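So the structure is just underneath, and the comments pick up after that.
Here is how names work: the chains are called A, B, and so on, in the same order as the sequence lines, proteins then strands, and each is numbered from 1. For clarity, every value in this text was computed on a predicted model and none was experimentally measured.
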Protein chains: 2
Amino acid sequence: MIQIKLNEKIYIKDPETSELGRMIVSDSITLIDKWGLENFTFRKLSKEINSTEASIYRYFENKYQLLAYLNSWYWNWMEYRVNFSINNIVDPYAKLEIIIELLTQPIERDPNFTHIDEKALHRIIISESAKTYLRKNVDETNKEGYFKSYKSLTKQLANIIREITPEYKYAESLISLIIEGGHSQVYFADHLPSLTNVNEKNCSLVEFCKDIVFSVIKKNK
Amino acid sequence: MIQIKLNEKIYIKDPETSELGRMIVSDSITLIDKWGLENFTFRKLSKEINSTEASIYRYFENKYQLLAYLNSWYWNWMEYRVNFSINNIVDPYAKLEIIIELLTQPIERDPNFTHIDEKALHRIIISESAKTYLRKNVDETNKEGYFKSYKSLTKQLANIIREITPEYKYAESLISLIIEGGHSQVYFADHLPSLTNVNEKNCSLVEFCKDIVFSVIKKNK
DNA sequence: TTAAAATGATAGTATTACTATTGCATTTGT
DNA sequence: ACAAATGCAATAGTAATACTATCATTTTAA
């Protein structure tokens, strides 16, 4: 049995250690997905799981810390998927192609983690995750390790780009541009379609991103 | 004398029509830049300008509408700058190069608009603007015209890309990727530097973005 | 100069984001 | 088997937020 273990200070009490903790995590995904972070409160969550606000506050300082926890879970899970998928592949081009697919394709439920709805979590990542770092306290929360999972995955993927083009100066930027920009593209396709071509006929985010990455690599080889 | 005129329903009463309105706009830029959108309230703004909450509510429904107003102002201003800068230039490559510079270089104060601090506004665009559309009511606010300026500029810039590569399918996506991803890169450089190479030695956002756009165009020509 | 519009002053409401305390129930170590 | 520790529910309370309403006063424009 696999468990995503988050060791940083992104919780007060580890929600994986109790039934209540797991309910907080799984039901917060449902509620944030449904109502958005703005309209999500610990009061509503406590009613949903037949518990109390005070109990939830024993696990997370506030809803932003809970969101950061979900974020970290997601990026740890993504790292696990990446490592699983590129295992035994030696050609860095092939690795990179798989990675871009993992980062930009629609998400499927992972039966390894029964209490996490990965499709709903992915929607949250797309529309809410930036709110963890777009805050005035970002430098503190960064020190607390809120973004460790995201940073470590970015570093790993940048290294694969450098396997192909060691002298390319923007490997980390290219990865984070694809991730962050890719999230925008998915969101725009759903809500502001004149800002994107994704979801037009014969167009896909995967194709768009692969084209960018391999064009840049080719030119900088 | 030039004035940025925003005709859509992104205000209750046009702030350009009164002294109080102009103070609301200029001082909200100062306060949002300083405290962030989360800690910015109409109460604080009213004290800053020696007015009352009720008066501010006569101009804007809430702080998100005010932020949308600032956004629209910014993108209208950018469109004006783009048109000014590419005027009389025929070569689409040269046009595109200038456009990428305008979109990704640091902003300077524009003496044409004395009550707007464009440098502060640019910081707000980078760290707060996504909060206008990352909301559950995005489809309504989109209908109200909150994003019209941004969409019209994107369309115009995409058309310039199509002057070079008419068959490229992702012109709008490439523009919005550079804009949104570019904002992330600037923010990361300031707060999460391990996610970007921007600001490392001999690295710049302008160079990174030009390389991407011209690599993609070259490959798709 | 007079009516209309804009603004200021004040008050009030529902909700949010917490914090504190108490007491019961269950688990754990010995 | 018993004490201690932990986990959780219940309740109450506070300061701030995001508004809305009313009415008096000032400014402006015909």
Side-chain angles (χ1 to χ4, degrees), chain A residues 9-28 31-32 34-70 115 128 131-132 135-137 140-141 144 146, chain B residues 9-28 31-32 34-70 115 128 131-132 135-137 140-141 144 146:
Chain A
K9 291 180 261 172
I10 47 176
Y11 46 69
I12 298 172
K13 177 176 148 65
D14 186 351
E16 288 290 338
T17 61
S18 76
E19 191 52 37
L20 181 66
R22 281 186 292 273
M23 280 179 78
I24 289 171
V25 171
S26 68
D27 284 58
S28 69
L31 290 187
I32 295 174
K34 188 171 177 187
W35 298 108
L37 190 71
E38 325 300 319
N39 305 113
F40 167 81
T41 65
F42 279 4
R43 183 176 297 262
K44 285 175 190 162
L45 176 59
S46 70
K47 278 175 186 154
E48 182 80 12
I49 62 179
N50 293 313
S51 180
T52 61
E53 270 184 283
S55 299
I56 298 171
Y57 277 107
R58 288 200 189 88
Y59 287 84
F60 295 103
E61 281 179 29
N62 50 51
K63 66 178 171 182
Y64 294 95
Q65 194 185 37
L66 171 52
L67 182 63
Y69 179 91
L70 298 180
H115 69 300
E128 312 289 351
K131 295 171 188 171
T132 45
R135 308 195 78 211
K136 282 288 168 184
N137 64 358
E140 288 165 50
T141 49
E144 301 271 309
Y146 277 38
Chain B
K9 291 180 256 170
I10 46 176
Y11 45 70
I12 298 172
K13 176 175 150 63
D14 186 351
E16 289 289 338
T17 62
S18 76
E19 191 53 37
L20 181 66
R22 280 184 295 272
M23 281 179 76
I24 289 172
V25 170
S26 67
D27 285 57
S28 69
L31 291 186
I32 296 173
K34 187 171 179 187
W35 298 107
L37 190 72
E38 325 300 317
N39 304 112
F40 167 81
T41 65
F42 279 3
R43 182 175 296 261
K44 285 174 191 163
L45 176 59
S46 71
K47 279 177 184 151
E48 182 80 11
I49 62 179
N50 294 311
S51 180
T52 60
E53 270 184 284
S55 298
I56 297 171
Y57 276 107
R58 288 193 186 97
Y59 286 84
F60 295 103
E61 281 178 29
N62 50 52
K63 65 179 172 182
Y64 294 95
Q65 194 185 38
L66 171 53
L67 182 63
Y69 179 90
L70 298 180
H115 69 300
E128 312 290 352
K131 296 171 188 170
T132 45
R135 310 195 76 212
K136 282 288 169 185
N137 64 358
E140 288 164 49
T141 51
E144 302 272 309
Y146 277 37

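Whole-Å rounding puts the L37(B) CG to dT17(D) P distance at 13 Å. For the pair Y57(A) OH and dA10(D) C1', the computed distance is 16 Å after rounding to whole Å. Rounded to whole Å, the distance from CD on E19(A) to P on dG7(D) is 15 Å. Rounded to a whole Å, the CH2 atom of W35(B) is 15 Å from the C1' atom of dA16(D). Going from atom NZ of K44(A) over to atom P of dT15(C) covers 10 Å, rounded to whole Å. If you measure from atom CE of M23(A) to atom C1' of dG7(D), you get 15 Å, rounded to the nearest angstrom. One atom, CG of N62(A), and another, P of dA16(D), lie 18 Å apart when rounded to the nearest Å.
In summary, the side chains of S28(B) and Y69(B) do not present any donor paired with an acceptor at a separation below 3.5 Å, with no hydrogens or angles considered.
Residue-level contact check: F42(A) touches neither bases nor backbone, having no heavy atom under 4.0 Å from any strand. Using a 4.0 Å heavy-atom criterion, one finds that Y59(B) contacts the sugar-phosphate atoms exclusively.
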*Run the numbers on I32(B) and K63(B) for side-chain contact (heavy atoms from CB on, under 4.5 Å), then give the verdict.*
CA-CA 10 Å; I32(B) 296 173; K63(B) 65 179 172 182; over 6 Å; no

*asked:* Using side-chain contact (heavy atoms from CB on, under 4.5 Å), reason through R43(B) and K47(B) one step at a time and then give a plain yes or no.
replied: CA-CA 6 Å; R43(B) 182 175 296 261; K47(B) 279 177 184 151; 4.2 Å; yes

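Screening F60(B), Y57(B), Y64(B), Y59(B) against F42(B) for a ring-ring contact (aromatic ring centres under 6.0 Å, His included) leaves a single residue, Y57(B).
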*Using a 4.0 Å cut-off on protein heavy atoms (strictly under), produce a 5'-to-3' string for nucleotides 25-30 of chain D with B for base contact, S for backbone-only sugar-phosphate contact, and - for none.*
------

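Of the inter-residue distances, the one linking L45(A) atom CG with T52(A) atom OG1 reads 10.5 Å to the nearest 0.5 angstrom. Taking OG from S46(B) and CD1 from I24(B), the interatomic distance works out to 9.5 Å, rounded to the nearest 0.5 Å. L70(B) CG to I10(B) CD1: the interatomic distance, rounded to the nearest 0.5 Å, is 9.0 Å.
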List, with names and distances, any nitrogen or oxygen atoms from the protein found under 3.5 Å away from nitrogen or oxygen atoms belonging to nucleotides 8-14 of chain C.
unit_1, atom_1, unit_2, atom_2, d
dG8(C), OP2, S51(B), OG, 2.4
dG8(C), OP2, S55(B), OG, 3.0
dG8(C), O6, R58(B), NH2, 2.9

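Listed for the K13(B) side chain is no donor-acceptor partner under 3.5 Å among the backbone atoms of G21(B).
Ion pairing between E38(B) and K131(B) holds under the 4.0 Å rule for side-chain N and carboxylate O.
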